[in-house]
Amino acid sequence: MTPPRQNQLVDRLEFLEDLAVRYWDNSLTAAELDQLSELLRNDPKAREQFQLLNTVAIRSGELGDLLPTEPASWNLRAAVESPTDALDFSETREDTKKEPPNRRLVLKYASVGLVAGISGLAMGSWFRQPVQVPTARLIGYYGAVTLGGVRVPQTGSPLHPGSTLATANAESSVLVETAFGSRLQLPGNSTITLGDDGHTWRLTRGHVAAMVPDSVEQSDFQIETDDAIFNVAGPKGRNPELMMLAGRQNQMTDLCVERGNVAVLHPVSGDRMASAQLGDYLTIQSGSAKVTRETRRVVPDRFKLDLSSPLSKRWEAGTRVLTPHGPILAPELRYDRWYGRDMWQVRSDHQWTRGFVRVDENSRIRMCYKVSRPGTVELCLCVRTHFSNQYKHTQGVLGVEIEAENRGPDDWRWVDLPATEFLNHRERPTCAAPWVATLFILNTFEIDLELQVSELEIVRPLLGGRL
Amino acid sequence: MESETVIQVLLRERIRITAFAVVVLRDVHSADDVFQHVVMNALEKRSEFLDTEHLFAWSIRTARFRAIDLARKNRLMVLPDDVLDLMEQSQTNVEDVVAEGSERSVALQKCMAKLPISAREMLRMRYHDGLSVKNIAERFQRSVEAVYQSFSRVHRTLRTCVEKELVQSIREVP
């Protein structure tokens, strides 16, 4: 790359922009890195522009708000179909004019000044008031998160009794810290409200992970649903450290305890219904006040699809069919919110709270299947991290597309793939492995290939130790 | 120092800490991880901080070392120390560019919104989704060099646009 004439500012900035793109891609040669360093060392304007480029990267996460949300692949396809016309600035304004007004965007900019003003006032009053300690504070959030129905403008916002916190979609998540230092993490599609007593969190939708670190002197919260209250409030000693995951969906509440002890109370009378400790997984059906317990010390490293008995009632899509070959799993037509179309799919029961298998890069996924006509079969594993002390990198999708063939009526085939081949999925997890798989999906898109799956197995080589 | 104060200070300075980590790591999510690491460590060490300035200086240092460690682990080229010192010193500009509601930040947001959808998607894929230029080139069915040039063009477009917006905002001030 030829360096520019040193006296021309525009040339220098353009040279910097060329180098910066490659710097981000870690593809600079040593000589080019020296050139970039020289520019940044000697030119304050170059440093300012470099910082602006880094800010573009930070802000790029917000571009999702500016794009149509469904279907997700639309923008990429548009870019592939017309890759060059988009990048000429002279066409930019025309292009913008053609787009319908984005109400969300207009509101966003209209509210920038207002938000800045309100934030300034809020921060000002926060520091002016000497004794006011919020009941909890929003430590960080990712994606579309609302507080009291309003898009959260600032991390650090206090949560007072009555505050409702919601994550709008599967990609969003939020982390809250209580006054005593306990932490609650809300993954996607979840809603929680802080009760009037300042320590009861009412989960009305989705899931929550809660952690009381060892350093916290007192547990100060309980989680309530229509079906149960999970109480961990109390002095340190009884719960030196606690980690629990709770969910409210499909007319039931479930709880998984990874560390510590949790008292399960009746939602109306407050009577003790059960207690749960490390490795316990409890479910409470709506209106039954009946607690079902399953003790499993850790999420298993091996999963084998069991078709010998009927599928769980909470199975989301797909059917078990008895055939001469034995029981098989077959897809059914359902509306896929991600793609925005009807598709032929199998979706297992979503086990966010307990997970059904641990997966890492060394795992192998084996499947025995048959199709009546050739086509693409997508196999996905939705995974989450096991650790609740974060507000992003909490979930992702491992996915692969298999080109299925058919050479006869009994052409059963095996695929045996390493998990690394699933890491090219656009929503691949960015959290560290091992991941906890919560849902598997088989998808033949809009074409019914008459997919039949007789076996599905996920195996993680035994490494020992728990999560 | 009270944990409440530690959190207040770090959340107030979050943008500056994260932006600095981004310069080293070139990955927004990793930079955010660095910030989380700083917060957790600061809470553990809260009794050692003399005042908020001490805390902030420690946080920037910790973020820098953590980011450099991660960069080396990931075999990323790292800018020389003296350049990083200069980047660290230009924090006022950082805040001006990144801080929510600042003129430059609003101008940048406006300019990013003006980009065509495909250009925005390209930025999003590269910076938010973390796809390499090679991966993007494969998806767009273009050469790697062409994608590099496209990114350079988008950056130039944004620089020109931000400058225009800032000039316009000065004119609009009565």
Side-chain angles (χ1 to χ4, degrees), chain A residues 13-14 17-18 20-26 28 33 37 40-41 44 47-49 51-61 63-64 66-67 75-76 78-80 82-83 86-87 89 91-93 95-96 105 109 112 115-116 133 137 139-140 155-156 177 181 215 389-390 392-393 426 430, chain B residues 3-4 7-8 11 14 18-19 22-23 26 28-29 32 36 76-77 79-80 82-83 86-87 90 93-94 97-98 100-101 106 108-110 112-124 127-130 132-133 139-142 148 150-160 162:
Chain A
L13 293 182
E14 287 188 359
E17 283 152 1
D18 291 341
V21 177
R22 291 169 199 273
Y23 171 71
W24 262 81
D25 215 35
N26 202 38
L28 288 178
L33 183 67
S37 303
L40 295 174
R41 190 176 285 125
R47 288 201 291 276
E48 192 181 301
Q49 178 61 11
Q51 198 55 62
L52 183 89
L53 298 182
N54 291 318
T55 311
V56 170
I58 293 173
R59 292 270 183 233
S60 66
L63 288 171
L66 311 173
L67 297 166
N75 300 298
L76 177 60
V80 171
S82 55
L87 301 175
F89 188 51
E91 295 180 22
T92 301
R93 290 174 187 279
D95 200 334
T96 310
L105 183 62
Y109 286 127
V112 162
V115 167
V133 178
R137 188 178 300 287
I139 295 289
T155 50
E177 184 171 270
S215 55
N389 205 14
Q390 299 193 6
K392 61 195 299 189
H393 304 307
R426 183 174 168 164
T430 47
Chain B
S3 58
E4 178 75 6
I7 288 172
Q8 275 182 18
L11 288 177
R14 179 179 172 204
T18 310
V22 163
V23 170
R26 289 151 268 176
V28 179
H29 303 294
D32 229 9
Q36 287 191 30
L76 294 174
M77 286 178 290
L79 289 166
D82 65 313
V83 175
L86 287 167
M87 298 299 296
S90 54
N93 284 341
V94 172
V97 174
V98 186
E100 191 80 47
V106 171
L108 178 62
Q109 279 180 303
K110 278 185 187 174
M112 287 176 80
K114 281 180 190 172
L115 287 172
I117 289 175
S118 53
R120 283 184 253 157
E121 179 66 356
M122 214 172 77
L123 288 178
R124 189 173 145 82
Y127 298 126
H128 182 261
D129 298 347
S132 68
V133 167
R139 291 189 183 204
F140 278 72
Q141 294 174 331
R142 300 170 68 190
Y148 275 133
S150 300
F151 273 109
S152 292
R153 278 209 298 278
V154 172
H155 290 161
R156 251 158 245 170
T157 300
L158 287 172
R159 168 163 52 83
T160 319
V162 166

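The chains referred to below are lettered A, B, ... by the order of the sequence lines, with proteins before strands, and numbering in each begins at 1. Everything numeric in this text was worked out from a predicted model, so none of it was measured.
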- With only heavy atoms counted, which part of A/Leu53 is less than 4.5 Å from chain B, the side chain, the backbone, both or neither? side chain

- Query: Closest heavy-atom contact between A/Asn54 and B/Val23?
  - Reply: ND2-CG2, 3.3 Å

- Message: Tell me the closest heavy-atom pair linking A/Glu17 and B/Ser152, and the distance in Å.
- Response: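 Nearest pair, atom of A/Glu17 first, then B/Ser152: O-OG, 4.0 Å.
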
- Note on the structure: ring pair (Phe, Tyr, Trp, His ring centres under 6.0 Å) filter on B/Tyr148, not counting sequence neighbours, yields none

- Item | Side chain, backbone, both or neither of B/Ile7 within contact of chain A (heavy atoms, under 4.5 Å) | side chain

- Message: Can you confirm whether B/Arg156 sits close enough to A/Asp18 that some side-chain heavy atom of one is under 4.5 Å from a side-chain heavy atom of the other?
- Response: yes

- Item | B/Gln36 and A/Ile139, any side-chain heavy atoms less than 4.5 Å apart | no

- Between CG on residue A/Leu52 and CZ on residue B/Arg159, distance to nearest 0.5 Å: 9.5 Å

- Task: Give the C-alpha distance, both sets of side-chain angles, the deciding distance and a yes or no for side chain to side chain contact (heavy atoms under 4.5 Å, CB included) between B/Leu123 and A/Val56.
- Result: CA-CA 8 Å; B/Leu123 288 178; A/Val56 170; 4.1 Å; yes

- Query: Listed by chain and number, what are the side chain to side chain contact (heavy atoms under 4.5 Å, CB included) partners of A/Ser37, not counting sequence neighbours?
  - Reply: A/Leu33, A/Arg41, B/Leu79, B/Pro80, B/Val83

- Would you check if the side chain of B/Arg26 reaches a backbone N or O of A/Tyr23 as a donor-acceptor pair within less than 3.5 Å?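 Yes: the side chain of B/Arg26 pairs with the backbone of A/Tyr23.
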
